[in-house]
Amino acid sequence: MRKAKRDQILQDGALSDLYTPETDEQTDDEGVGARLVKAGVITTEQLTNAQRVLKETPGLNISRILIDMGVDEASVQKIVAEEARLPFERVADNDENAYDAKALHRLGPKYCKANLVLPLRREGQRLIMGTASPDDVFVLDDVKRQLGISSVRHVLVTASDIRLVLEALMEEDDTDYNVDEILVDVEEDDVEVVSDKAADADLDEADSSPIVRFVNHIIQGASKEGASDIHIEPEEKSLKVRYRIDGVLFEMMSPPKKMHPAIISRIKIMANLDIAERRLPQDGRIRVSVLGHKLDLRISTIPTPNGEKVVMRILDTRAINVSLDDLGFMDETLDIWKGQIGQPHGILLVTGPTGSGKTTTLYASILQMDYRKLNISTVEDPVEFNLPNISQVQTHEKIGMTFAAALRAILRQDPDVIMIGEIRDMETATIAIQAALTGHLVLSTLHTNDAPASITRLINIGIEPFLVGAAVRAILAQRLVRRICEHCKGPVRLKREITQFLETHGISGSKIMQGKGCGRCRETTFSGRVGIYELLLLDDHLRDIVARNPNVTEFRKVCTSRGMVTLREDGFKKVAVGLTTVEEILRVTEATI
C-alpha cells in the first residue's frame, strides 16, 4: 500500500532522479496467518513453510503464498477480509445477476482481468466493487474515474471467481452484450449528420440499425467529456474505445468485437468514405450537431491485422473562441507577443509537438488583428476551423495544390498577413522568407522541441543563415499541461527533497497546490489545460550569431543568457501560482532539458 502510494506521487518517474524511496515490499501478515491456524484452515507447519517462502520471495504476501500452496482460496480470503474489516462475497460465474454488466463492459473484461476487479451491483448511487486484494485503493480510484462515479463500496472476493466470470464472458465473445441497456439515454437525433443531399440515400440505409445509436453514443460521450480525439481500436478478441481528454488517453468502453465492422461502416458512411475498401487508409470529415452543438470530426482509418482502426479528431468551434489572454501567457510574455503580431512584416513561428496547441495560438493571434484594415489569408492542411472575414485555402497534394503553390497564389492577392499551417520543406520556407522580407507578416508552425532549435531547423532545411536572421522576428515554443481541478484543489505537503528542488527554482514548497479528486474532474485531480511558453525575440546581437550558423546547443545557451525564459521556467511559474503540478511540468518538458 505504501509503495503504491509512493508510485502514485512519483508518477511517470518524473522525480525519480530527485528521490529514491526505500522499499519494504514484503509483509508477514502475522495476524492473517495466526487467524488461519486458529480457524483450522491451515496447520502450524503450513504457516511456518509459508513464512519461510515469504522471506525468500519479495513482493508477495502470506495469503497469496498459502493459496499457491493449495490452501482453499475462499477460506483464506474470508480471513483476509475479516482482518481488513471488509465484507467477503462469492461470485457465481453462471449467474448474470452476480455482476453489473453495464459497468463491466465500460471498464472492459481485459482491464478487470488485469487488475482482478469486478463490478458487482449498484446500491442507490454507490457501486459495489469486488477486488481480490484489500489494498486496491488506487485501482478503485481509477475505476471511479473511468466510470465517472463518486462512490464505491469495497468488497473482497476471490481471484478465481473473478477470472471465471471474465473468461466465461470472453468465451461467449460478448454474446450477452446488451446494447439497448447501454444506449438507454441515447436517441438517434442526439447526433445529427450535416451532409449534402447526395449522401442522404446512403445514410437512410443505415438509419434502422442500432449501430447508429451506438456511434451517436460514442460521439456524444466524447463531446460531454471534452475529448479532443476518439480512438476505436480493434484487438484480436476485443474492441476498445478510448478518448483523449486533456492530452491523455482513457479507455472509456469496450463494446463486443462483433460490432466492429458495423461501427466502422457507419462512420465511413457518415464521412462519405468507401465502405468496401478495407486495405488502404482513408481520410474524411463529418459535420455533426451534438444536442444542438456543432462539431467537425476529422476521420482517419488505417488497416491493422485485427481490422480497421479509426481515429476521430474533434474540432470544436468553441476552441477558437479563446482569446490570447485566456491561453495561459504570463503578463510580460503576452504583452511582447501582442506587440509582435502587430508588426507589419517578418516571420513569427510557433513551435512544439503535435497536440501542443499551436493552431489554437495562431488562430487566437489572427483573431486579435483588425481584419477590417488587413487582408489576412491562411494556407492549411486541413482547414480545421472556419474563421470569419479570413481567406482560408485548403491544400491538395494530389492535384498539385501544395503549400508552396498556394503561397504563390496568395502573394498575388495583395495580402497583409499570411498564416501557413506548417513549414515542411525548403520551397515553402523560401517563399515564406521572401514574403517576410518583402513586407508581409507571416505566421507559421514548426515541429521542434524548443524555440532556439527552430533557427537551426530552418537552416538545415536549406535556407541561408543570413536570410533566416533577417526574416525571423520571434519564435514561440509551447506545451499544454493539465490544469489542477479548481473544485478540489488545495495545498499539499511535499517531501523534503522535492521542496528543496523547488526552492532552487525560487518556488516555496509550502504553497504548492494539488487536486484531491472529485466528480467534476473524474477523480483525476485535473480539469482542462493551460499553456506554458518559451518566447525568443531576435535582436541584432542574436541575428549576428544566426548569420554565423551556430549549433543548437551554443545558440540555446546564448538565448538563455540574454534573458529567454525557458519552457520549464515558465512552467514552474505556473506551479507557483497553483495552476498545475511539478510532475506535469517535468513530464512535458523532459525533452527540452
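Values below: every heavy atom of this structure, side chains too, minus hydrogens, waters and symmetry copies.
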Point to revise | Sidechain-backbone polar pair: Ser561 side chain, Val558 backbone, donor-acceptor under 3.5 Å | key: yes
Revision key, fill the gap. On a heavy-atom basis, the closest approach of Phe250 and Ile245 is CE1-O, 3.7 Å
Check your understanding: Below 4.5 Å, heavy atoms only, C-beta onward: do Pro415 and His440 meet side chain to side chain?
Key -> yes
Revision key, fill the gap. Residue set satisfying side chain to side chain contact (heavy atoms under 4.5 Å, CB included) with Arg313, at least two apart, ordered chain then number -> Asp229, Arg298, Leu315
Revision key, fill the gap. dist Lys489:NZ -> Gln514:CD (nearest 0.5 Å) comes out at 12.0 Å
Review point. Under 3.5 Å, is there a donor-acceptor pair between the Gln478 and Thr361 side chains?
Key: yes
Practice item. Report yes or no: do Glu308 and His260 form a side-chain donor-acceptor pair below 3.5 Å? Key: no
Point to revise | CA sep, side-chain torsions, deciding dist, call: Leu349, Leu476, side-chain contact (heavy atoms from CB on, under 4.5 Å) | key: CA-CA 6 Å; Leu349 295 173; Leu476 181 72; over 6 Å; no
Check your understanding: Above 12 or not: heavy atoms from other molecules or residues under 6.0 Å from CZ of Arg278?
Key -> no
Review point. Can you list the steps and then say if Leu407 with Ile418 is a side-chain contact (heavy atoms from CB on, under 4.5 Å)?
Key: CA-CA 8 Å; Leu407 274 174; Ile418 303 171; 3.7 Å; yes
Point to revise | Glu534 side chain near Met564 side chain, heavy-atom distance below 4.5 Å | key: yes
Practice item. Kindly say whether Leu446 contributes a backbone atom to a donor-acceptor pair with the side chain of Thr351 at under 3.5 angstrom? Key: no
Check your understanding: Residues two or more places apart in sequence or in another chain: which of them pass side chain to side chain donor-acceptor pair (under 3.5 Å) with Arg529?
Key -> none
Review point. Mind checking what makes ring-ring contact (aromatic ring centres under 6.0 Å, His included) contact with Phe403, not counting sequence neighbours?
Key: none
Point to revise | Minimum-distance pair of heavy atoms, taken over all atoms of Pro281 and Pro303 | key: N-CD, 4.0 Å
Revision key, fill the gap. Output for pair (Lys309 NZ, Ile302 CD1), nearest 0.5 Å, gives 5.5 Å
Review point. Which heavy atom of Val417 sits nearest a heavy atom of Leu374, and at what distance?
Key: CG2-CD1, 4.2 Å
Point to revise | Contact summary for Ala271 and Ile299, nearest pair of heavy atoms | key: CB-CG1, 4.0 Å
Practice item. For the pair Asp325 and Lys338, evaluate salt bridge (Lys or Arg N to Asp or Glu O under 4.0 Å) and give the outcome as yes or no after the intermediate values. Key: CA-CA 10 Å; Asp325 304 271; Lys338 283 184 176 180; 3.1 Å; yes
Check your understanding: If only atom types and distance count, is the side chain of Asn375 paired as donor or acceptor with the main-chain N or O of Asp414 below 3.5 Å?
Key -> yes
Point to revise | Val546 side chain near Leu538 side chain, heavy-atom distance below 4.5 Å | key: yes
Check your understanding: Which heavy atom of Arg266 sits nearest a heavy atom of Val215, and at what distance?
Key -> CG-CG2, 3.6 Å
**Study point:** Distance, nearest 0.5 Å, that separates OG1 of Thr525 from CZ of Arg483
**Key:** 13.5 Å
Check your understanding: Judged by atom type as modelled, is there a donor-acceptor pair below 3.5 Å linking the side chain of Tyr243 to the main-chain atoms of Ile218?
Key -> yes
Study note, to complete from the structure: Taken to the nearest 0.5 Å, the spacing of Leu249 CG from Arg242 CZ works out to 4.5 Å
**Study point:** Distance, nearest 0.5 Å, that separates CD1 of Ile366 from CG of Asn389
**Key:** 12.5 Å
Review point. Are any of the side-chain nitrogens in Asp570 or Lys574 under 4.0 Å away from the carboxylate oxygens of its partner?
Key: yes
Check your understanding: Would a distance-only check, ignoring hydrogens and angles, find a side-chain to backbone donor-acceptor pair under 3.5 Å from Thr445 to Val350?
Key -> no
Point to revise | From CA spacing to verdict: side-chain contact (heavy atoms from CB on, under 4.5 Å), Thr360, Leu327 | key: CA-CA 9 Å; Thr360 300; Leu327 292 181; 4.0 Å; yes
**Study point:** Pair Glu225 + Arg244, salt bridge at N-O below 4.0 Å
**Key:** no
Practice item. Would you please test Ile376 and Met419 for side-chain contact (heavy atoms from CB on, under 4.5 Å) and show each step? Key: CA-CA 8 Å; Ile376 305 173; Met419 189 196 94; over 6 Å; no
**Study point:** Arg285/Asp296 salt bridge by N-O under 4.0 Å criterion
**Key:** yes
Check your understanding: What are the two closest heavy atoms between Asp246 and Arg482, and how far apart are they?
Key -> O-CG, 3.4 Å
Practice item. Verify salt bridge (Lys or Arg N to Asp or Glu O under 4.0 Å) between Lys268 and Asp274, making sure each step is shown before the conclusion. Key: CA-CA 7 Å; Lys268 285 184 174 181; Asp274 184 359; over 6 Å; no
**Study point:** Close side-chain approach of Asp381 to His396, heavy-atom, < 4.5 Å
**Key:** no
Review point. How about Leu535 and Tyr533: do any of their side-chain heavy atoms sit closer than 4.5 Å?
Key: no
**Study point:** Backbone N/O of Ile420 and side chain of Ser444: donor-acceptor pair under 3.5 Å
**Key:** yes
Review point. Hey, is CG on Asp331 packed in by over 12 heavy atoms from elsewhere, all under 6.0 Å?
Key: no
Review point. Is there a side-chain contact between Cys521 and Phe526 (heavy atoms, below 4.5 Å)?
Key: no
**Study point:** Sub-4.5 Å side-chain heavy-atom contact between Met259 and Phe214
**Key:** yes
Review point. Quick one: are Lys358 and Leu362 in side-chain contact, heavy atoms under 4.5 Å?
Key: no
Review point. Given Pro234, which of Asn306, Ile264, Val310 fulfils the side chain to side chain contact (heavy atoms under 4.5 Å, CB included) condition?
Key: Asn306
Exercise for review: Give a yes or no answer on whether the side chain of Gln220 reaches the backbone of Val290 with a donor-acceptor pair at less than 3.5 Å.
Suggested key: no
Exercise for review: Look at the side chain of Gln394 and the backbone N and O of Val383, then say whether any donor-acceptor pair between them is shorter than 3.5 Å.
Suggested key: yes
Point to revise | Backbone of Val481 reached by a side-chain donor or acceptor of Arg587 within 3.5 Å | key: no
Practice item. Could you grab the distance from atom CG of Leu239 to atom CD1 of Ile263, nearest 0.5 Å is fine? Key: 5.5 Å
Exercise for review: Kindly say whether Glu277 contributes a backbone atom to a donor-acceptor pair with the side chain of Gln282 at under 3.5 angstrom?
Suggested key: yes
